[in-house]
2 protein chains.
Amino acid sequence: MPTTPDQKLWTRTRQAVHAEVARIAMGLFLERGFEATTIDDIAVAAGISRRSFFRYFGTKEDIVLGDLAAHGELIREELEARPAAEDAWTALINALRHAPRLGQDDVTMLKISKMLYGTPSLRARSLEKHLQWQALLTPEIRRRLGVAPDDEHDLRADAIVACVLMCVDVAGEAWTRSAGSQSLEDLLLEAVAAVRGSAADA
Amino acid sequence: MPTTPDQKLWTRTRQAVHAEVARIAMGLFLERGFEATTIDDIAVAAGISRRSFFRYFGTKEDIVLGDLAAHGELIREELEARPAAEDAWTALINALRHAPRLGQDDVTMLKISKMLYGTPSLRARSLEKHLQWQALLTPEIRRRLGVAPDDEHDLRADAIVACVLMCVDVAGEAWTRSAGSQSLEDLLLEAVAAVRGSAADA
DNA sequence: AGCCTATCTGGCACTTAGTGTCAATCGGTC
DNA sequence: GACCGATTGACACTAAGTGCCAGATAGGCT
């Protein structure tokens, strides 16, 4: 159907297949568990070959965590857009609070979270993603600290970013444990307050 | 040689083999790299079968990180031995500072650190170990915060422990980057100071 | 010594993740 | 219709990790 060739067709096709495979795979994961689902299962269910699966996703974990890289980019943009008057902590936390959530409904999110925190290989990958976010956000925090964005000697920015992201993680885990009974945002502020002693504005 | 049967023989034998295999494997890792060394290589070099290797180490990463679990236990003991007058942060940091290092010389440690921070699978496992430490240390921190040690609703202790361990990680990375030119302890205090604004006593 | 049991060991087969290669195919263009 | 570039599936391969089984060996018991 070459009706709207606004982009290369196979680019659109590729994205469509990617999304479709991810959708089917997530369905299988939530149904029978992440580790119990093999890549062969996914390939069969999605109607593609095993080999083709690996052309769309580098690893099985990437199906669940693949979007996190893009999400980190959004947070970085949000962070750089924060007013210059905000100090490093405030800007970082507000960037996280205001970053657009690219997500499902809460019930599905909770299921995914439970899977994420309960599956070792997924947990490990998710921590690695946090490391990527860290590298992404640190330069801007260095700037707000009055240091050159590429100054590797000053580890203050690294420490601050790492701690805030750790707070996100702790909050996420608490949110999952409590089955979403408290808002993720409140939990994040609570965690940060425990570390800092004060919270940020709206 | 059943000269000193102070313990079961095969217990001592097992520990000896474990240590020997670890020694040989670490040699191979440092010589040709972690990922470039297969388990078959290690088994051949150690004179055991592939199958037996997995009876001593669950994964290849465990050779490098296996001792960390025991190390976490030492830190917990150190933490519980800190005077009651010390607040959560101070006790935690001092416990980390005074915990006995079960280590090699600095040159070897630096090589291992570089391998650790430079190999994704090792990095991931090391972060998982930090999670174990977190679970190990959180109850005592909760106690110092005046909460029940098993109170899962209060995430303050989780946040504090997570942040301090993240500071350890950031300090370790900076130490590795700077090739050990600054002491790890100073870097840790610097990282914590960036988060808190003040340091602990000696 | 002889027996019994628990443990360790090596070998084999198996599953799963992930990669390299290659010939066939399909969309889009001239 | 012919050409070009990207995609695809099939096959073979490496490497991690697990299950199973039969043989060796240490230690205890009589």
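Side chains are part of it too, since the values below use all heavy atoms of this structure and drop only hydrogens, waters and symmetry mates. Proteins come first, then strands; the chains are lettered A, B, ... in the order of their sequence lines, and each starts at number 1.
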Original post:
Are a donor atom and an acceptor atom from the side chains of B:Glu35 and B:Thr119 found within less than 3.5 Å of each other?
Top reply: no
**OP:** Measure the distance from CG on A:Asp41 to C1' on C:dT16 and round it to the nearest whole Å.
**Re:** 11 Å
**OP:** Grab the CG-P distance between A:Asp40 and C:dC14 for me, whole Å please.
**Re:** 17 Å
**OP:** Can you spot which of A:Val64, A:Thr108, A:Val21, A:Ile42 makes a side chain to side chain contact (heavy atoms under 4.5 Å, CB included) with A:Met26?
**Re:** A:Val64
Original post:
Could you state the CZ-C1' distance from B:Phe53 to D:dG19, rounded to the nearest angstrom?
Top reply: 18 Å
**OP:** Check the distance between C:dT16's P and A:Lys60's NZ and give it to me in whole angstrom.
**Re:** 9 Å
Original post:
Is a donor-acceptor contact shorter than 3.5 angstrom present between the side chain of B:Arg51 and the base of D:dG17?
Top reply: no
Original post:
A:Ser49 side chain N/O closer than 4.0 Å to the phosphate oxygens (OP1, OP2) of D:dT8?
Top reply: no
Original post:
Do A:Asn94 and A:Glu86 have side-chain N/O donor and acceptor atoms under 3.5 Å apart?
Top reply: yes
**OP:** Assign each of A:Arg50 and B:Tyr56 to its nearest nucleotide of DNA chain C by heavy atoms, then name whichever residue's nucleotide is nearer the 5' end.
**Re:** B:Tyr56
Original post:
What integer distance in Å separates B:His18:NE2 from C:dT7:P?
Top reply: 19 Å
**OP:** Rounded to the nearest angstrom, tell me the gap between atom CZ in B:Arg14 and atom C1' in C:dT9.
**Re:** 11 Å
**OP:** Check whether any side-chain heavy atom of A:Arg125 lies under 4.5 Å from a side-chain heavy atom of A:Thr59, and answer yes or no.
**Re:** yes
Original post:
Does B:Thr38 place a side-chain N or O at less than 4.0 Å from the phosphate oxygens OP1/OP2 of D:dA15?
Top reply: no
**OP:** Give the rounded distance in Å between these two atoms: CZ of A:Phe54 and P of C:dA17.
**Re:** 7 Å
Original post:
If each of A:Arg55 and A:Thr37 is mapped to the nucleotide of DNA chain C with the nearest heavy atom, which maps nearer the 5' terminus, i.e. the 5' end?
Top reply: A:Thr37
Subject >> Spacing between B:Phe57 atom CZ and D:dA15 atom P, to the nearest angstrom >> reply: 20 Å
